[in-house]
Engineer: 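Quick one: the structure is below, questions incoming.
Because the structure is predicted, anything quoted here is derived from the model rather than measured.
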Amino acid sequence: MSSALKDLPIAGAASAIHSPLLALAPELTAQIFTFADEGSFANAARSCTGLKEFALDRLWKEMPSLLPLLRLLDELTYTSNGWNFTNGLANADWDKFRSYAERVRGVTVVDRTDSLEVVISNSGPVATEASRQAQTVLYTTMAAFLESQKDLESLRLTPLHSGSPLKKSFVHLSLLRSLVITCVLEPRHGSLTEVLSSIASCTTLEQIFLRIEDPTSGDPLSFSDIRPLLGCRQLTLFDFSHLYALKLDHSDVVEMGKAWSQMESLSLWTDDFPFQLLSSFASSFSPRLRFLGLPLDLEDIESVDVLSRGGSVAKFPSLTTLHVGETWVKEDQLEAFAKALGLLCSPGVKIKSFERWRLLYQWYGSSSPDAVSIATKPPPAAMQEPSKKTLFSTHAEFGAAGRTPSQPPIFRLSTEILREIFSFLDQSGCSRVARSCKQFKEPALDQLWSKIATLVAPLALLDELVYSNNGWMFRNGLGQADWPNYWSYAGRVRGVHVTEQQRTRERSTEIDPHSLVHALAVSNSQFGCSALLPKVKTLEFDFQRPPGPVLLLQLISPAVRYITITIPGRFIQAASLVFSTLTSMSSSLNLECFDVTIQNDKSSAGKSGQDARTTLEANMTGFVATQLSLQTLRLQPIEPSSFKQAIGPLRRLRVLDVTCKTSTFQSPLRGMMASLGSCIDLEQLQIQGLLSHGRQNFSFIQPLLSCRRLTNLDLSWVGPITLDASNVEEMGNAWTKLESLQFSLAGDGLPVDLLPIFAASFSPSLRSLALPLDISTIERLSPVTKEIRSHDLKQLFTRSSIQESSIQPLAELLGTIFRSGFQIIHGSGTGDQKGNMMYPPSYNKVNSLLGLIWRVQDRTRQTLQNELGVV
């Protein structure tokens, strides 16, 4: 096996080491930096030259005050009137000031409160009546202040007494998103439900840290006490702390899961919950849940239903951390506890507890309970039995308990965003990312293997390959094949572009067909998989040698949605076998896009070549007719009779691009048009090849009026068409979404007075129109007397000659019915070899005169507006 194949799982040549972040598009870098704070911007500006300017732009983009800018000029000293320059700008560094001031795009100085923190230290009970009255006045004043801060987004209150008027202030905080609160329940002064109902009136809340202190009772809470909070359906974080138990059952957990569908972090720090309840959380909450804090009761751990059901139990799909609080695990409970957690949690979940008794559990890539490794730090001898729990002594403990461990901001991006970021890297860049960072390894490998150009790369993972006359083959005959390693990479492949070259130096991409058959047989017998690349969605074949159907058999699976095939004319007979194979597999395929190009050459001439082409077209159209879910179809070339057979059953077709062979018979063409009319979801229609040489009337294209979703329509293949005003109006009413319409420019032109009809009938979405016009009649055209709504058409293509006497009347007509930016273009607008448009002088004069007309119109309109404004 050559050295080039040894590193196939992580392919790509080494290059100069640069941060992959610098290779990203500015939009993606901006998206990444949205997760950063001001400190991160400052660190990036100090540590990375490539990111310095970008980070400084973001750091200085929005200013909450002018002080940071003014400090760049001179030292500031505070006086009774505010901040003043110490040295009177004598030594001001204006260059430095401008370099930062130019980055500022907004200065926000608003007299409002977005964030409020109120902490009232409690030195003891309120003993005297005067103290109680003072406390009442304080809370009343605070309540009035809160009601005035309608733009408040973050609030921390410590403490909030259940009898305080503050609890009624939440109704006015319609923009509140974050709430940290310690609620003290007082006897005969309001219940917990009343307080939570007031909090629940803030339906925009996303984060709640709630600590309940109830010094009067040791009774547990019920689910009805916290039910009002289910109205906060945008919650992503909920941290609840209470001294005593919170009674929940399965139906309560299901109700919470339905209400809090956005929840990412949930912590319930109360007395222990039955372990059986953990499976209810796993089955009820959405995959968004990443952190769960839940103290557990392990007394009956060995008899829980989770262990008896085994693999049928629901798992946490995306949970990364399970915090069990102060859950006590005895020696005889350890094995059952680990097995139950292994059944409920996916590989990679971290199990944590408080510092007092630390239990760390780590899953190593297997959902089997036997694969759980448990590292236990035994408690001190004085703590052999769990004591009564206490609440957090500080707010720092209270807030940090429900938070996910800190990590770099880029690690918070979803896998889909990371794949999009890595798509801007080449193979070498993806390879380096996969080798250097465990967090990025999987999305980097997904991108690296998403599309392959040869089967050598995945097959080399099975066994060492050696080259023979028929291509690469297995040295050891798959006797020691590493199938798990193969499936781990083959499952990442989503696209295959196979180019079977005939040149000698490209032979390294060819696979021995017998080796493919052998690999497929082993895969089918051992794993029940009938395709070597089971998740491939896109297949592209560019055959430069006779292809065999065996190649398709190894690749195609029911997951394939897009197939592109290019076949030289000299391999038509072999290509017929390919389509025969596809037809035999048609029942298991559900294609959305099918693109076939049959190249024409002299080798396919003669009767035998024509017979081979006829057979190929029959096989091809027979296969296409079976793919009822096709949305995009491109065929080059095809007979009109075969065309009708192919697209007749395709009711979901949206894009059709076909090159047909010239036909002098009208019956196949009318049959084609009738078939096209049945594809009512068509959005783009382009048929190449002039199929008709005579002039058609409007009834010929009338079946297409049923395709009301058309956005791009090319009718040049039909030949010249006779149209009148009623026909144009009928087309405009049917094709309301049309953006491009092209008629044949050959033959006699249509009357120029149809242009205003087109402008009045078609929707403003029409941007391009190719139309044969008889401009010689422009001088006999009656002046436009009624008001015509200007159309947004940008390009009008025509081949008509424009006489010198017709330039001004034509420009006046076009300036009346079209808006600024419109151009009339000679021919199809393809230009010369360099892409430059070559207009006849008369067309240039018309466009220049149009620009002058629109400038005069704009000035006249502006003058009238100014006069009306003065009046």
Side-chain angles (χ1 to χ4, degrees), residues 638-641 643-644 647-648 656 658-680 682-763 766 768-778 780-782 791 793 796-801 817 827-828:
I638 189 173
E639 289 283 353
S641 57
F643 175 89
K644 177 183 177 181
I647 70 168
L656 180 60
V658 176
T659 300
C660 287
K661 300 176 183 178
T662 303
S663 174
T664 57
F665 300 99
Q666 292 296 315
S667 55
L669 300 184
R670 293 192 176 274
M672 284 177 55
M673 196 63 69
S675 300
L676 290 171
S678 64
C679 303
I680 59 174
L682 262 181
E683 297 177 3
Q684 299 182 29
L685 173 60
Q686 183 172 5
I687 299 179
Q688 301 178 16
L690 186 60
L691 304 184
S692 175
H693 298 279
R695 177 171 288 275
Q696 305 289 344
N697 54 28
F698 179 69
S699 62
F700 184 80
I701 65 172
Q702 208 161 12
L704 288 178
L705 298 181
S706 60
C707 305
R708 295 183 175 270
R709 298 184 180 180
L710 280 172
T711 60
N712 190 332
L713 177 59
D714 183 357
L715 293 173
S716 58
W717 58 278
V718 176
I721 301 178
T722 301
L723 297 175
D724 56 25
S726 62
N727 302 148
V728 175
E729 292 175 354
E730 192 173 352
M731 289 189 295
N733 293 332
W735 299 329
T736 56
K737 298 183 178 180
L738 206 59
E739 299 175 5
S740 175
L741 177 60
Q742 183 176 349
F743 291 95
S744 174
L745 300 181
D748 298 333
L750 297 173
V752 74
D753 57 359
L754 284 182
L755 274 180
I757 310 299
F758 270 95
S761 302
F762 279 82
S763 71
L766 187 65
S768 177
L769 176 64
L771 197 66
L773 292 174
D774 183 9
I775 300 180
S776 62
T777 61
I778 186 67
R780 301 189 297 271
L781 184 65
S782 301
H791 198 275
L793 190 73
L796 173 63
F797 298 93
T798 184
R799 281 206 178 100
S800 303
S801 60
I817 61 178
S828 58

Engineer: Any chance you could measure Ile687, atom CD1, to Asp714, atom CG, to the nearest 0.5 Å?
Structural biologist: 8.5 Å

Engineer: Could you measure the distance from the CG atom of Leu682 to the OG1 atom of Thr711? Nearest 0.5 Å is fine.
Structural biologist: 9.5 Å

Engineer: Of the non-hydrogen atoms in Ala725 and Leu754, which two are nearest, and what is the gap between them?
Structural biologist: N-CD2, 3.8 Å

Engineer: Do the side chains of Leu793 and Phe758 get nearer than 4.5 Å, heavy atoms only?
Structural biologist: no

Engineer: Would you say the side chains of Glu730 and Gln702 form a donor-acceptor pair under 3.5 Å?
Structural biologist: yes

Engineer: Measure from the side-chain N and O atoms of Ser706 to the backbone N and O of Gly677, and report whether any donor-acceptor pair falls under 3.5 Å.
Structural biologist: yes

Engineer: Counting N and O atoms only, with roles assigned by atom type, does the side chain of Thr798 sit under 3.5 Å from a partner on the main chain of Leu771, one being a donor and the other an acceptor?
Structural biologist: yes

Engineer: Work out which heavy atom in Ile775 is nearest to a heavy atom in Ser801; give both atom names and the distance.
Structural biologist: CB-O, 4.2 Å

Engineer: Would you check if Leu745 and Pro772 make a side-chain contact, meaning some heavy-atom pair closer than 4.5 Å?
Structural biologist: yes

Engineer: In terms of the angle between their ring planes, are Trp735 and Phe762 parallel, tilted or perpendicular, with boundaries placed at 30° and 60°?
Structural biologist: tilted

Engineer: Between CG of Leu738 and CG of Leu769, what distance do you get to the nearest 0.5 Å?
Structural biologist: 9.0 Å

Engineer: Can Phe700 and Met673 be said to form a side-chain contact (heavy atoms from CB on, under 4.5 Å), step by step?
Structural biologist: CA-CA 8 Å; Phe700 184 80; Met673 196 63 69; 3.6 Å; yes

Engineer: Return the CG to OG distance between Asn712 and Ser740, rounded to the nearest 0.5 Å.
Structural biologist: 4.5 Å

Engineer: Using a 4.5 Å cut-off on heavy atoms from C-beta on, say whether the side chain of Glu729 contacts that of Ile757.
Structural biologist: yes

Engineer: Just wondering, do His791 and Ile817 contact through their side chains at under 4.5 Å, heavy atoms?
Structural biologist: no

Engineer: Rounded to the nearest 0.5 Å, what separation is found between the CD1 atom of Ile721 and the CG atom of Leu715?
Structural biologist: 5.5 Å

Engineer: Got Ile701 and Gln696 here, is their nearest side-chain heavy-atom distance under 4.5 Å?
Structural biologist: no

Engineer: I want to check something: taking the side chain as every heavy atom from C-beta on, are Phe698 and Leu705 in contact at a cut-off of under 4.5 Å?
Structural biologist: yes

Engineer: For a quick test of reading the model, state the closest non-hydrogen atom pair linking Leu710 to Leu704 and the distance between them.
Structural biologist: CD1-O, 4.4 Å

Engineer: Distance check, rounded to the nearest 0.5 Å: Lys737 atom NZ versus Leu713 atom CG?
Structural biologist: 15.0 Å

